[in-house]
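Down below is the structure, laid out as C-alpha coordinates.
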Amino acid sequence: MSSKKLATFLAENLEDLKGKGLYNVIDPLESANGPMIIINGEELVNLSSNNYLGLATDSRLKEAATEAIQQFGVGAGAVRTINGTLKLHLELEEKLAQFKQTEAAIAYQSGFNCNMAAISGIMDKNDAILSDELNHASIIDGCRLSRAKIIRYNHSDMDDLHAKAKDATESGLYNKVMVITDGVFSMDGDIAKLPEIVQIAEEFDLITYVDDAHGSGVLGKGAGTVKHFGLSDKVDLQIGTLSKAIGVVGGYVAGKKDLIDWLKVRSRPFLFSTSLTPADVAASIRAVELLTESSELNEKLWENANYLKAGLVKLGFNIGNSETPITPCIIGEEVKTQEFSKRLYKEGVYAKSIVFPTVPKGTGRVRNMPSAAHTKEMLDQALVIYERVGKELGIITE
Ligand SMILES: *Cc1c(COP(=O)(O)O)cnc(C)c1O
(Lines give C-alpha, C1' and ligand atoms only; values in the text may rest on other atoms or scores of the structure.)
Protein backbone atom coordinates (compact mmCIF):
# COMPACT_ATOMS: atom_id res chain seq x y z
CA MET A 1 0.00 0.00 0.00
CA SER A 2 1.35 3.45 -0.81
CA SER A 3 1.76 6.11 1.85
CA LYS A 4 -1.21 8.43 2.44
CA LYS A 5 1.10 10.94 4.11
CA LEU A 6 3.24 11.15 0.97
CA ALA A 7 0.20 11.50 -1.30
CA THR A 8 -1.17 14.36 0.81
CA PHE A 9 2.22 16.05 1.07
CA LEU A 10 2.67 15.96 -2.71
CA ALA A 11 -0.87 17.02 -3.60
CA GLU A 12 -0.88 19.97 -1.19
CA ASN A 13 2.54 21.25 -2.13
CA LEU A 14 2.08 20.90 -5.86
CA GLU A 15 -1.22 22.74 -5.55
CA ASP A 16 0.47 25.47 -3.53
CA LEU A 17 3.24 25.96 -6.11
CA LYS A 18 0.78 26.03 -8.99
CA GLY A 19 -1.37 28.58 -7.11
CA LYS A 20 1.68 30.85 -6.71
CA GLY A 21 2.70 30.46 -10.36
CA LEU A 22 5.96 28.80 -9.28
CA TYR A 23 5.36 25.40 -10.85
CA ASN A 24 7.72 25.13 -13.79
CA VAL A 25 6.50 23.30 -16.87
CA ILE A 26 9.45 21.97 -18.85
CA ASP A 27 9.53 22.36 -22.66
CA PRO A 28 11.14 19.33 -24.31
CA LEU A 29 13.37 20.09 -27.32
CA GLU A 30 12.75 18.27 -30.59
CA SER A 31 16.18 19.20 -31.91
CA ALA A 32 19.76 19.37 -30.69
CA ASN A 33 20.48 22.19 -28.23
CA GLY A 34 22.05 24.49 -30.83
CA PRO A 35 21.69 28.21 -31.56
CA MET A 36 18.25 27.47 -33.07
CA ILE A 37 15.98 24.93 -31.39
CA ILE A 38 12.66 23.30 -32.19
CA ILE A 39 9.91 23.13 -29.56
CA ASN A 40 6.37 22.06 -30.44
CA GLY A 41 7.32 22.08 -34.10
CA GLU A 42 8.35 25.75 -33.98
CA GLU A 43 11.89 26.94 -34.65
CA LEU A 44 13.19 29.46 -32.14
CA VAL A 45 16.34 31.52 -31.62
CA ASN A 46 17.82 29.86 -28.55
CA LEU A 47 19.06 32.33 -25.95
CA SER A 48 18.75 30.01 -22.97
CA SER A 49 21.53 27.45 -23.00
CA ASN A 50 24.89 27.50 -21.21
CA ASN A 51 26.46 26.08 -24.35
CA TYR A 52 28.59 29.25 -24.65
CA LEU A 53 30.93 28.06 -27.37
CA GLY A 54 28.48 25.93 -29.34
CA LEU A 55 30.54 22.83 -28.54
CA ALA A 56 27.51 20.71 -27.56
CA THR A 57 26.86 20.12 -31.24
CA ASP A 58 30.40 20.55 -32.62
CA SER A 59 31.28 17.90 -35.21
CA ARG A 60 34.83 17.48 -33.83
CA LEU A 61 33.48 16.57 -30.40
CA LYS A 62 30.87 14.25 -31.88
CA GLU A 63 33.60 12.46 -33.79
CA ALA A 64 35.78 12.08 -30.68
CA ALA A 65 32.81 10.73 -28.70
CA THR A 66 31.85 8.27 -31.45
CA GLU A 67 35.40 6.94 -31.71
CA ALA A 68 35.59 6.50 -27.93
CA ILE A 69 32.33 4.54 -27.92
CA GLN A 70 33.65 2.24 -30.63
CA GLN A 71 36.89 1.65 -28.75
CA PHE A 72 35.79 1.69 -25.10
CA GLY A 73 32.02 1.16 -25.10
CA VAL A 74 29.27 3.28 -23.60
CA GLY A 75 30.00 2.95 -19.88
CA ALA A 76 33.11 3.01 -17.67
CA GLY A 77 31.80 0.04 -15.71
CA ALA A 78 32.75 1.02 -12.14
CA VAL A 79 33.73 3.80 -9.80
CA ARG A 80 37.13 5.35 -10.43
CA THR A 81 38.85 3.53 -7.53
CA ILE A 82 37.74 0.02 -8.51
CA ASN A 83 38.35 -0.24 -12.24
CA GLY A 84 36.39 2.67 -13.68
CA THR A 85 39.50 4.72 -14.43
CA LEU A 86 40.34 4.52 -18.11
CA LYS A 87 43.56 6.06 -19.39
CA LEU A 88 41.23 8.56 -21.03
CA HIS A 89 40.19 9.89 -17.60
CA LEU A 90 43.82 10.56 -16.70
CA GLU A 91 44.43 12.20 -20.05
CA LEU A 92 41.48 14.51 -19.46
CA GLU A 93 42.75 15.40 -15.99
CA GLU A 94 46.23 16.21 -17.31
CA LYS A 95 44.76 18.40 -20.03
CA LEU A 96 42.54 20.20 -17.54
CA ALA A 97 45.47 20.90 -15.21
CA GLN A 98 47.49 22.34 -18.11
CA PHE A 99 44.51 24.40 -19.22
CA LYS A 100 44.05 25.78 -15.68
CA GLN A 101 47.80 26.12 -15.07
CA THR A 102 47.64 24.03 -11.90
CA GLU A 103 49.67 21.00 -10.79
CA ALA A 104 46.77 18.57 -11.08
CA ALA A 105 43.04 18.11 -11.61
CA ILE A 106 40.35 15.56 -10.79
CA ALA A 107 37.23 14.95 -12.86
CA TYR A 108 33.76 14.28 -11.47
CA GLN A 109 30.43 13.35 -13.03
CA SER A 110 29.10 16.91 -12.80
CA GLY A 111 29.88 20.37 -11.54
CA PHE A 112 27.25 19.85 -8.88
CA ASN A 113 29.13 16.75 -7.71
CA CYS A 114 32.40 18.70 -7.52
CA ASN A 115 30.91 20.90 -4.83
CA MET A 116 29.49 17.91 -2.96
CA ALA A 117 32.91 16.27 -3.18
CA ALA A 118 35.44 19.01 -2.63
CA ILE A 119 33.83 21.14 0.08
CA SER A 120 32.96 18.20 2.30
CA GLY A 121 36.26 16.52 1.42
CA ILE A 122 38.20 19.45 2.89
CA MET A 123 35.97 21.05 5.51
CA ASP A 124 34.32 19.53 8.59
CA LYS A 125 32.37 20.50 11.68
CA ASN A 126 35.36 22.20 13.29
CA ASP A 127 35.70 24.62 10.36
CA ALA A 128 33.93 27.70 9.00
CA ILE A 129 33.06 28.75 5.45
CA LEU A 130 32.61 32.35 4.34
CA SER A 131 30.13 32.14 1.47
CA ASP A 132 28.87 34.88 -0.88
CA GLU A 133 25.11 35.21 -0.41
CA LEU A 134 24.51 34.71 -4.14
CA ASN A 135 26.53 31.51 -4.47
CA HIS A 136 25.09 28.67 -6.56
CA ALA A 137 22.77 26.08 -5.00
CA SER A 138 25.39 23.34 -5.30
CA ILE A 139 27.88 25.43 -3.29
CA ILE A 140 25.25 25.93 -0.60
CA ASP A 141 24.48 22.21 -0.50
CA GLY A 142 28.19 21.30 -0.49
CA CYS A 143 28.73 23.64 2.46
CA ARG A 144 25.81 22.09 4.35
CA LEU A 145 27.10 18.60 3.69
CA SER A 146 30.47 19.47 5.22
CA ARG A 147 28.80 20.45 8.54
CA ALA A 148 31.13 23.44 8.80
CA LYS A 149 29.74 26.71 10.17
CA ILE A 150 28.39 28.68 7.20
CA ILE A 151 28.91 32.45 7.42
CA ARG A 152 27.25 34.31 4.57
CA TYR A 153 28.67 37.63 3.46
CA ASN A 154 26.83 40.27 1.43
CA HIS A 155 27.21 39.83 -2.31
CA SER A 156 30.70 40.90 -3.42
CA ASP A 157 30.92 43.19 -0.35
CA MET A 158 34.60 43.13 0.50
CA ASP A 159 34.23 45.15 3.72
CA ASP A 160 31.72 42.61 4.96
CA LEU A 161 33.95 39.70 3.93
CA HIS A 162 36.96 41.31 5.63
CA ALA A 163 35.07 41.87 8.88
CA LYS A 164 33.66 38.34 8.92
CA ALA A 165 37.02 36.79 8.05
CA LYS A 166 38.61 38.72 10.93
CA ASP A 167 35.89 37.63 13.37
CA ALA A 168 36.00 34.00 12.29
CA THR A 169 39.78 33.66 12.43
CA GLU A 170 40.22 35.63 15.66
CA SER A 171 37.36 33.86 17.47
CA GLY A 172 39.48 30.75 17.95
CA LEU A 173 36.33 28.71 17.32
CA TYR A 174 37.42 27.19 14.04
CA ASN A 175 40.22 25.02 12.83
CA LYS A 176 40.21 26.02 9.13
CA VAL A 177 38.36 28.88 7.46
CA MET A 178 37.48 28.90 3.74
CA VAL A 179 36.16 31.65 1.48
CA ILE A 180 34.00 30.36 -1.34
CA THR A 181 32.56 32.18 -4.34
CA ASP A 182 31.19 31.77 -7.83
CA GLY A 183 33.71 33.13 -10.36
CA VAL A 184 30.88 34.59 -12.44
CA PHE A 185 27.41 35.05 -10.95
CA SER A 186 24.90 33.59 -13.32
CA MET A 187 21.90 35.85 -12.69
CA ASP A 188 23.58 39.23 -13.28
CA GLY A 189 26.73 38.18 -15.12
CA ASP A 190 29.00 40.03 -12.67
CA ILE A 191 32.50 38.77 -11.81
CA ALA A 192 33.71 37.98 -8.28
CA LYS A 193 36.26 40.46 -6.93
CA LEU A 194 38.99 37.85 -6.83
CA PRO A 195 41.99 40.17 -6.33
CA GLU A 196 40.44 41.55 -3.12
CA ILE A 197 39.23 38.11 -2.03
CA VAL A 198 42.73 36.69 -2.46
CA GLN A 199 44.19 39.63 -0.52
CA ILE A 200 41.78 39.05 2.38
CA ALA A 201 42.54 35.33 2.22
CA GLU A 202 46.27 36.04 2.50
CA GLU A 203 45.72 38.35 5.46
CA PHE A 204 43.77 35.72 7.42
CA ASP A 205 45.15 32.49 5.92
CA LEU A 206 41.82 31.47 4.39
CA ILE A 207 41.43 28.57 1.98
CA THR A 208 40.28 30.03 -1.36
CA TYR A 209 37.64 28.22 -3.44
CA VAL A 210 36.31 29.53 -6.76
CA ASP A 211 33.50 27.76 -8.60
CA ASP A 212 34.05 28.95 -12.14
CA ALA A 213 31.22 27.15 -13.89
CA HIS A 214 30.24 30.28 -15.85
CA GLY A 215 33.76 31.69 -16.21
CA SER A 216 35.53 28.73 -17.78
CA GLY A 217 35.61 28.96 -21.56
CA VAL A 218 34.45 32.56 -21.25
CA LEU A 219 36.95 34.69 -19.29
CA GLY A 220 40.74 34.62 -19.35
CA LYS A 221 40.72 33.67 -23.05
CA GLY A 222 38.84 30.55 -22.01
CA ALA A 223 40.91 29.49 -19.00
CA GLY A 224 38.53 31.19 -16.60
CA THR A 225 38.10 33.91 -14.01
CA VAL A 226 41.19 33.02 -11.98
CA LYS A 227 43.39 33.29 -15.09
CA HIS A 228 41.56 36.47 -16.09
CA PHE A 229 42.94 38.08 -12.91
CA GLY A 230 46.34 36.32 -13.16
CA LEU A 231 45.78 34.50 -9.85
CA SER A 232 46.36 30.89 -10.96
CA ASP A 233 48.87 30.24 -8.16
CA LYS A 234 46.83 32.05 -5.50
CA VAL A 235 43.55 30.13 -5.50
CA ASP A 236 43.55 26.79 -3.70
CA LEU A 237 40.57 25.15 -5.42
CA GLN A 238 39.24 25.99 -8.86
CA ILE A 239 36.03 24.24 -9.87
CA GLY A 240 34.93 24.01 -13.46
CA THR A 241 32.18 22.25 -15.29
CA LEU A 242 32.38 20.25 -18.50
CA SER A 243 28.69 20.91 -19.14
CA LYS A 244 28.61 24.62 -19.95
CA ALA A 245 31.27 26.08 -22.27
CA ILE A 246 32.86 22.65 -22.73
CA GLY A 247 29.50 21.43 -24.06
CA VAL A 248 29.48 17.89 -22.64
CA VAL A 249 28.81 16.80 -19.04
CA GLY A 250 30.98 16.50 -15.94
CA GLY A 251 33.05 18.73 -13.72
CA TYR A 252 36.55 19.07 -12.28
CA VAL A 253 38.58 20.46 -9.45
CA ALA A 254 42.01 21.90 -10.27
CA GLY A 255 44.73 22.71 -7.75
CA LYS A 256 47.92 21.48 -6.10
CA LYS A 257 48.92 17.82 -6.42
CA ASP A 258 48.40 17.08 -2.70
CA LEU A 259 44.88 18.46 -2.85
CA ILE A 260 43.97 16.29 -5.82
CA ASP A 261 45.63 13.21 -4.27
CA TRP A 262 43.54 13.80 -1.15
CA LEU A 263 40.28 14.17 -3.08
CA LYS A 264 41.06 10.92 -4.92
CA VAL A 265 41.12 9.00 -1.65
CA ARG A 266 38.58 10.94 0.36
CA SER A 267 35.86 12.56 -1.77
CA ARG A 268 32.70 10.52 -1.78
CA PRO A 269 31.28 11.11 -5.30
CA PHE A 270 34.66 9.94 -6.64
CA LEU A 271 34.69 6.85 -4.42
CA PHE A 272 31.03 5.87 -4.61
CA SER A 273 29.63 6.95 -7.97
CA THR A 274 30.53 5.54 -11.40
CA SER A 275 32.93 7.61 -13.48
CA LEU A 276 32.21 9.64 -16.61
CA THR A 277 31.50 7.63 -19.75
CA PRO A 278 34.23 7.20 -22.41
CA ALA A 279 32.25 9.38 -24.84
CA ASP A 280 31.93 12.23 -22.32
CA VAL A 281 35.63 12.08 -21.52
CA ALA A 282 36.81 11.90 -25.13
CA ALA A 283 34.56 14.78 -26.18
CA SER A 284 35.74 16.87 -23.22
CA ILE A 285 39.39 16.19 -24.07
CA ARG A 286 38.73 17.37 -27.63
CA ALA A 287 37.02 20.50 -26.32
CA VAL A 288 39.91 21.39 -24.03
CA GLU A 289 42.34 20.83 -26.93
CA LEU A 290 40.30 23.15 -29.14
CA LEU A 291 40.30 25.87 -26.48
CA THR A 292 44.02 25.47 -25.92
CA GLU A 293 44.84 25.58 -29.64
CA SER A 294 42.79 28.61 -30.59
CA SER A 295 40.82 31.46 -29.03
CA GLU A 296 38.55 31.71 -32.08
CA LEU A 297 35.39 30.40 -30.38
CA ASN A 298 36.00 32.52 -27.30
CA GLU A 299 36.41 35.64 -29.46
CA LYS A 300 33.26 34.83 -31.42
CA LEU A 301 31.32 34.43 -28.16
CA TRP A 302 32.36 37.89 -26.98
CA GLU A 303 31.69 39.44 -30.37
CA ASN A 304 28.17 38.00 -30.37
CA ALA A 305 27.56 38.98 -26.76
CA ASN A 306 28.67 42.56 -27.37
CA TYR A 307 26.51 42.72 -30.49
CA LEU A 308 23.40 41.51 -28.65
CA LYS A 309 24.03 43.80 -25.68
CA ALA A 310 24.52 46.85 -27.89
CA GLY A 311 21.35 45.98 -29.82
CA LEU A 312 19.24 45.67 -26.67
CA VAL A 313 20.61 48.91 -25.19
CA LYS A 314 19.92 50.73 -28.45
CA LEU A 315 16.31 49.56 -28.28
CA GLY A 316 16.09 51.03 -24.77
CA PHE A 317 16.21 47.89 -22.62
CA ASN A 318 17.87 47.79 -19.20
CA ILE A 319 20.54 45.08 -19.32
CA GLY A 320 21.94 45.61 -15.83
CA ASN A 321 25.67 45.54 -15.11
CA SER A 322 26.82 42.29 -16.65
CA GLU A 323 30.55 41.98 -17.27
CA THR A 324 30.22 38.71 -19.20
CA PRO A 325 28.14 37.35 -22.11
CA ILE A 326 25.25 36.66 -19.68
CA THR A 327 22.75 39.32 -20.74
CA PRO A 328 19.84 39.95 -18.42
CA CYS A 329 17.03 42.09 -19.77
CA ILE A 330 15.53 43.54 -16.62
CA ILE A 331 11.76 44.00 -16.75
CA GLY A 332 11.07 44.37 -13.01
CA GLU A 333 7.62 43.20 -12.06
CA GLU A 334 7.27 39.40 -11.86
CA VAL A 335 4.03 38.86 -13.80
CA LYS A 336 5.13 41.23 -16.56
CA THR A 337 8.49 39.48 -16.82
CA GLN A 338 6.81 36.13 -17.31
CA GLU A 339 4.39 37.60 -19.86
CA PHE A 340 7.33 39.14 -21.73
CA SER A 341 9.14 35.82 -21.93
CA LYS A 342 5.96 34.06 -23.13
CA ARG A 343 5.42 36.65 -25.85
CA LEU A 344 9.05 36.31 -26.99
CA TYR A 345 8.50 32.58 -27.23
CA LYS A 346 5.36 33.00 -29.34
CA GLU A 347 7.27 35.29 -31.69
CA GLY A 348 10.31 33.00 -31.96
CA VAL A 349 12.84 33.72 -29.20
CA TYR A 350 13.53 31.24 -26.43
CA ALA A 351 14.74 33.28 -23.45
CA LYS A 352 13.63 32.27 -19.97
CA SER A 353 12.24 34.56 -17.32
CA ILE A 354 13.92 34.56 -13.93
CA VAL A 355 11.94 36.06 -11.07
CA PHE A 356 11.68 36.12 -7.28
CA PRO A 357 12.77 34.06 -5.32
CA THR A 358 15.69 33.28 -7.68
CA VAL A 359 16.41 37.03 -7.93
CA PRO A 360 15.24 39.83 -5.56
CA LYS A 361 11.60 41.02 -5.79
CA GLY A 362 11.01 43.63 -8.47
CA THR A 363 14.10 42.67 -10.49
CA GLY A 364 12.50 40.04 -12.72
CA ARG A 365 14.46 39.58 -15.91
CA VAL A 366 14.62 37.62 -19.10
CA ARG A 367 18.09 36.15 -19.27
CA ASN A 368 19.83 35.89 -22.63
CA MET A 369 22.73 33.56 -23.22
CA PRO A 370 24.33 34.34 -26.58
CA SER A 371 26.87 31.82 -27.86
CA ALA A 372 29.67 31.51 -30.38
CA ALA A 373 27.33 29.44 -32.54
CA HIS A 374 24.83 32.24 -33.19
CA THR A 375 25.06 34.09 -36.48
CA LYS A 376 24.46 37.83 -36.82
CA GLU A 377 21.24 36.97 -38.67
CA MET A 378 19.95 34.95 -35.72
CA LEU A 379 20.77 37.74 -33.29
CA ASP A 380 19.13 40.31 -35.58
CA GLN A 381 16.05 38.12 -35.74
CA ALA A 382 15.97 38.07 -31.93
CA LEU A 383 16.42 41.85 -31.72
CA VAL A 384 13.53 42.49 -34.14
CA ILE A 385 11.30 40.33 -31.93
CA TYR A 386 12.56 42.05 -28.77
CA GLU A 387 11.64 45.41 -30.28
CA ARG A 388 8.16 44.28 -31.30
CA VAL A 389 7.31 42.65 -27.95
CA GLY A 390 8.98 45.39 -25.90
CA LYS A 391 6.82 48.05 -27.57
CA GLU A 392 3.68 45.93 -27.38
CA LEU A 393 4.09 45.51 -23.59
CA GLY A 394 5.19 49.13 -23.05
CA ILE A 395 8.62 48.19 -21.79
CA ILE A 396 10.36 50.33 -24.37
CA THR A 397 8.83 53.40 -26.00
CA GLU A 398 7.67 53.68 -29.60
C1 LIG B 1 25.93 25.19 -13.40
C2 LIG B 1 26.70 25.30 -12.17
C3 LIG B 1 27.06 24.18 -11.44
C4 LIG B 1 26.60 22.80 -11.82
O5 LIG B 1 27.32 22.30 -12.89
P6 LIG B 1 26.82 20.98 -13.62
O7 LIG B 1 28.01 20.51 -14.36
O8 LIG B 1 25.68 21.36 -14.48
O9 LIG B 1 26.40 20.03 -12.54
C10 LIG B 1 27.85 24.35 -10.32
N11 LIG B 1 28.24 25.57 -9.92
C12 LIG B 1 27.89 26.68 -10.58
C13 LIG B 1 28.38 28.01 -10.10
C14 LIG B 1 27.10 26.60 -11.72
O15 LIG B 1 26.75 27.70 -12.38
Side-chain angles (χ1 to χ4, degrees), residues 26 33 48-53 55-56 61 92-93 96 99-100 105-121 129 131-146 152 155-156 178-194 197 208-220 224-226 228 235 237-255 263 267-270 273-277 279-281 283-284 287-288 322-328 352 354 358-359 367-369 371:
I26 299 167
N33 196 335
S48 286
S49 89
N50 298 317
N51 178 23
Y52 285 108
L53 301 175
L55 290 173
L61 271 68
L92 172 63
E93 288 167 343
L96 287 168
F99 185 53
K100 289 278 158 178
I106 176 173
Y108 290 94
Q109 306 86 344
S110 72
F112 201 104
N113 254 355
C114 289
N115 288 325
M116 298 302 110
I119 305 173
S120 65
I129 304 174
S131 175
D132 189 290
E133 64 177 337
L134 294 190
N135 276 344
H136 189 260
S138 59
I139 297 181
I140 296 168
D141 286 7
C143 291
R144 286 182 184 152
L145 192 59
S146 76
R152 295 196 336 163
H155 176 52
S156 283
M178 171 185 274
V179 55
I180 189 163
T181 182
D182 276 31
V184 171
F185 292 88
S186 61
M187 294 304 146
D188 291 294
D190 55 321
I191 304 174
K193 294 175 179 163
L194 291 188
I197 291 173
T208 44
Y209 187 117
V210 177
D211 178 348
D212 210 20
H214 282 278
S216 299
V218 176
L219 289 169
T225 309
V226 173
H228 168 78
V235 169
L237 292 97
Q238 289 189 59
I239 311 314
T241 164
L242 301 169
S243 63
K244 290 182 173 130
I246 297 294
V248 191
V249 73
Y252 57 92
V253 181
L263 293 175
S267 60
R268 295 167 72 83
F270 189 84
S273 181
T274 299
S275 52
L276 287 168
T277 72
D280 297 329
V281 179
S284 298
V288 176
S322 173
E323 302 167 87
T324 59
I326 296 171
T327 307
K352 300 294 278 186
I354 298 173
T358 308
V359 293
R367 189 178 62 163
N368 300 283
M369 306 292 274
S371 78

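Throughout, residue positions are numbered sequentially from 1 according to the sequence presented. When reading the values below, keep in mind they use all heavy atoms of this one structure, side chains included, and skip hydrogens, waters and symmetry mates. Atoms within each ligand, like the ligands themselves, are counted from 1 in listed order. As the structure is a computational prediction, the values presented were derived from the model and not from experiment.
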Point to revise | By salt bridge (charged side-chain N to carboxylate O under 4.0 Å, His left out) - contacts of Arg144 (at least two apart) | key: Asp141
List ligand 1's nitrogen or oxygen atoms that come under 3.5 Å of a protein nitrogen or oxygen, with the partner atom and distance.
residue: ligand 1; atom: 7 (O); partner: Gly111; partner atom: N; Å: 2.8
residue: ligand 1; atom: 7 (O); partner: Thr241; partner atom: OG1; Å: 2.8
residue: ligand 1; atom: 7 (O); partner: Ser243; partner atom: OG; Å: 2.8
residue: ligand 1; atom: 8 (O); partner: Ser243; partner atom: OG; Å: 3.2
residue: ligand 1; atom: 9 (O); partner: Gly111; partner atom: N; Å: 3.1
residue: ligand 1; atom: 9 (O); partner: Phe112; partner atom: N; Å: 2.9
residue: ligand 1; atom: 11 (N); partner: His136; partner atom: ND1; Å: 3.4
residue: ligand 1; atom: 11 (N); partner: Asp211; partner atom: OD2; Å: 2.6
residue: ligand 1; atom: 15 (O); partner: His214; partner atom: NE2; Å: 3.3
residue: ligand 1; atom: 15 (O); partner: Lys244; partner atom: NZ; Å: 2.7

Check your understanding: Out of Asn135, Thr181, Asp188, Asp190, which one pairs with His155 under the side-chain hydrogen bond (donor to acceptor under 3.5 Å, both in side chains) rule?
Key -> Asp190
Exercise for review: Verify whether one side chain among Asn115 and Tyr209 offers a donor that lies under 3.5 Å from an acceptor in the other.
Suggested key: yes
**Study point:** Any residue meeting salt bridge (charged side-chain N to carboxylate O under 4.0 Å, His left out) with Lys352, in chain and number order, not counting sequence neighbours
**Key:** Asp27
Point to revise | Ring centroid separation Phe185 to His136 under 6.0 Å | key: no
Review point. Residues two or more places apart in sequence or in another chain: which of them pass side-chain contact (heavy atoms from CB on, under 4.5 Å) with Thr358?
Key: Met187, Ile354
